[in-house]
2 protein chains.
Amino acid sequence: MSQEFESNTPIYMQLADRINRRILRGELQPGEKLPSVRETSVQSNVNPNTVQRTYQILEQSGIAESRRGQGTFVTEDPAILQSMRERLKREEIASFVRVMKDMGYEAQEIQHGIQEFLEEENES
Amino acid sequence: MSQEFESNTPIYMQLADRINRRILRGELQPGEKLPSVRETSVQSNVNPNTVQRTYQILEQSGIAESRRGQGTFVTEDPAILQSMRERLKREEIASFVRVMKDMGYEAQEIQHGIQEFLEEENES
DNA sequence: GTTAGTGTTCTAGTTATATAGTACACTAAT
DNA sequence: ATTAGTGTACTATATAACTAGAACACTAAC
């Protein structure tokens with residue numbers, strides 16, 4: 001159970017990221033109910049308050065919806081999920097490319113590095 | 001001058017990253033002297049103590065060397081720079097790929113996404 | 001209307017970070 | 001020897017972020 005958390009970034013953000021990705025990759029379906037604040041709190045071994053902040057973030061970003069007395073649910077709107085998936089994809093790529101170029105790598109080297117890595121990963 | 005700092009990560013780390021990358025991309029040459037703690041403090045508008053921590057990190061990672069009474073210098077050893085460059089490259093790629101796969105993207109989509117991004121970037 | 005389950009809010013404490021100020025240690029030049 | 005310039009170390013303080021704990025508010029089911 002309960003994966004560990006890194007110390008450098010806030011737990012509620014790490015938790016939000018994890019849930020976000022589970023939704024984006026379809027592991028959690030649109031309209032599906034997330035575990036309650038308290039249940040997640042126990043399972044992840046963090047304070048309910050921390051989970052609450054996580055759910056608050058998920059709601060603000062539009063990917064989930066909290067209904068008092070009922071629970072927190074993945075948004076029903078597949079368009080939101082799709083656009084968020086595209087946006088995050090682009091952001092991740094942009095950030096990655098920026099760092100690589102900042103280290104002095106050119107476009108071709110970046111592409112080649114990725115390709116090489118993916119091939120190696122595939123072999124093992 | 002003095003670029004701004006983000007609030008989420010420690011200033012001394014952001015500063016270390018910046019200098020690190022300037023070294024890796026050759027903007028700061030092996031053996032070159034970095035500005036003194038106090039000078040950087042003024043230029044970046046942060047406390048000397050914060051700069052000191054930055055330089056301490058750079059020294060611990062082996063990319064720079066501090067000599068009491070003289071200053072802090074980029075390492076003379078090109079092998080260190082080269083291996084560090086390779087290591088960071090690989091780490092960045094691995095981290096990027098992990099996140100992308102975590103969002104549900106397959107190898108091919110990742111490569112394609114990168115390619116697309118780089119082409120767009122080239123046009124503008 | 002009572003209860004169990006849910007999200008929400010509030011107050012306080014802990015910790016990490018940054019800063020401030022001062023003093024020390026060493027080097028090179030004069 | 002003195003001086004100016006450098007890195008280093010220490011203590012104390014302020015502030016913001018994170019976490020903890022408890023209480024509140026709402027909903028659905030019985």
Side-chain angles (χ1 to χ4, degrees), chain A residues 1-20 22-23 28 30-76, chain B residues 2-20 22-23 28-76:
Chain A
M1 67 127 261
S2 98
Q3 312 154 57
E4 294 300 311
F5 294 97
E6 300 175 13
S7 57
N8 43 357
T9 53
I11 292 176
Y12 71 91
M13 277 202 175
Q14 295 180 54
L15 195 53
D17 274 345
R18 285 183 195 169
I19 296 175
N20 222 331
R22 287 179 64 197
I23 294 174
L28 293 169
E32 188 171 344
K33 180 176 178 303
L34 300 178
S36 77
V37 169
R38 289 165 180 81
E39 187 180 346
T40 303
S41 159
V42 173
Q43 285 186 348
S44 295
N45 198 32
V46 298
N47 194 277
N49 238 325
T50 306
V51 179
Q52 160 62 13
R53 292 186 73 172
T54 295
Y55 280 14
Q56 201 172 353
I57 286 179
L58 293 177
E59 173 148 49
Q60 284 168 355
S61 78
I63 203 172
E65 188 180 339
S66 288
R67 302 180 205 135
R68 193 175 220 147
Q70 300 185 43
T72 302
F73 303 82
V74 178
T75 178
E76 306 258 9
Chain B
S2 96
Q3 312 155 57
E4 293 300 311
F5 294 97
E6 298 174 13
S7 57
N8 42 357
T9 54
I11 291 177
Y12 70 91
M13 279 202 174
Q14 295 181 53
L15 195 52
D17 274 344
R18 285 183 195 169
I19 296 174
N20 222 331
R22 288 179 65 196
I23 295 174
L28 293 169
Q29 294 291 323
E32 188 171 343
K33 181 177 177 301
L34 300 180
S36 77
V37 169
R38 291 167 179 80
E39 186 179 346
T40 302
S41 159
V42 172
Q43 285 186 347
S44 294
N45 197 32
V46 296
N47 195 277
N49 244 325
T50 305
V51 179
Q52 160 63 13
R53 291 182 74 175
T54 295
Y55 280 14
Q56 202 173 351
I57 286 180
L58 292 177
E59 173 148 49
Q60 283 169 354
S61 78
I63 202 173
E65 189 180 339
S66 288
R67 301 182 205 133
R68 191 172 220 149
Q70 299 184 46
T72 301
F73 303 83
V74 178
T75 178
E76 305 258 9

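From a predicted model like this one, the values you see are computed outputs, not experimental measurements. Every chain is numbered from 1, with letters handed out A, B, ... down the list of sequences. Computed from heavy atoms alone, side chains included, the values below leave out hydrogens, waters and symmetry copies.
The distance from atom CG of N47(B) to atom C1' of dA9(D) is 14 Å, rounded to the nearest whole Å. Distance N49(B) CG to dA14(D) C1': 14 Å, rounded to the nearest Å. Atom-to-atom, CD1 of I11(A) to C1' of dA20(D) comes out at 12 Å; the value is rounded to the nearest Å. If you take CZ of R38(A) and C1' of dA20(D), they are 14 Å apart, rounded to a whole angstrom.
Under the salt bridge (charged side-chain N to carboxylate O under 4.0 Å, His left out) criterion, R68(A) pairs with no residue, sequence neighbours left out. Here T40(A) pairs with Y55(A) under the side chain to side chain donor-acceptor pair (under 3.5 Å) rule; sequence neighbours left out. Applying the side-chain contact (heavy atoms from CB on, under 4.5 Å) criterion to T50(B), with sequence neighbours excluded, gives I11(B), Y12(B), V46(B), N47(B). A search for side chain to side chain donor-acceptor pair (under 3.5 Å) contacts involving Q52(A) returns nothing, not counting sequence neighbours.
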Using residues 30-39 of chain A as the side-chain source, report each donor-acceptor pair under 3.5 Å to any protein atom, sequence neighbours left out, with the distance given to one decimal.
{"residue": "E32(A)", "atom": "OE1", "partner": "Q29(A)", "partner atom": "N", "Å": "2.8"}
{"residue": "S36(A)", "atom": "OG", "partner": "R38(A)", "partner atom": "N", "Å": "3.4"}
{"residue": "S36(A)", "atom": "OG", "partner": "E39(A)", "partner atom": "N", "Å": "3.1"}

In a table with atom names and distances, give each donor-acceptor pair under 3.5 Å that connects a side chain of residues 56-67 of chain B to protein atoms at least two apart or in another chain.
{"residue": "E59(B)", "atom": "OE2", "partner": "S66(B)", "partner atom": "N", "Å": "3.2"}
{"residue": "S61(B)", "atom": "OG", "partner": "L58(B)", "partner atom": "O", "Å": "3.1"}
{"residue": "S66(B)", "atom": "OG", "partner": "T72(B)", "partner atom": "OG1", "Å": "2.9"}

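Remark: R53(A), R68(A), G69(A), Q70(A) in residues 51-70 of chain A come within less than 4.0 Å of DNA chain D through at least one heavy atom.
Look at Y12(A) and you won't find any side-chain N or O under 4.0 angstrom from OP1 or OP2 of dT19(D).
Checking T72(B) against V46(A), the closest nucleotide of DNA chain D that is more toward the 5' end is the one next to T72(B).
Comparing the local axis fitted to the first five base pairs of the helix from dG1(C)-dC30(D) to dT30(C)-dA1(D) with the one fitted to its last five gives a bend of 10°, rounded to 10°.
For the pair L15(B) and S44(B), the minimum side-chain heavy-atom distance is below 4.5 Å.
The span of DNA chain C lying next to chain A, judged by atoms under 4.0 Å from heavy atoms, is bounded 5' to 3' by dG5(C) to dC10(C).
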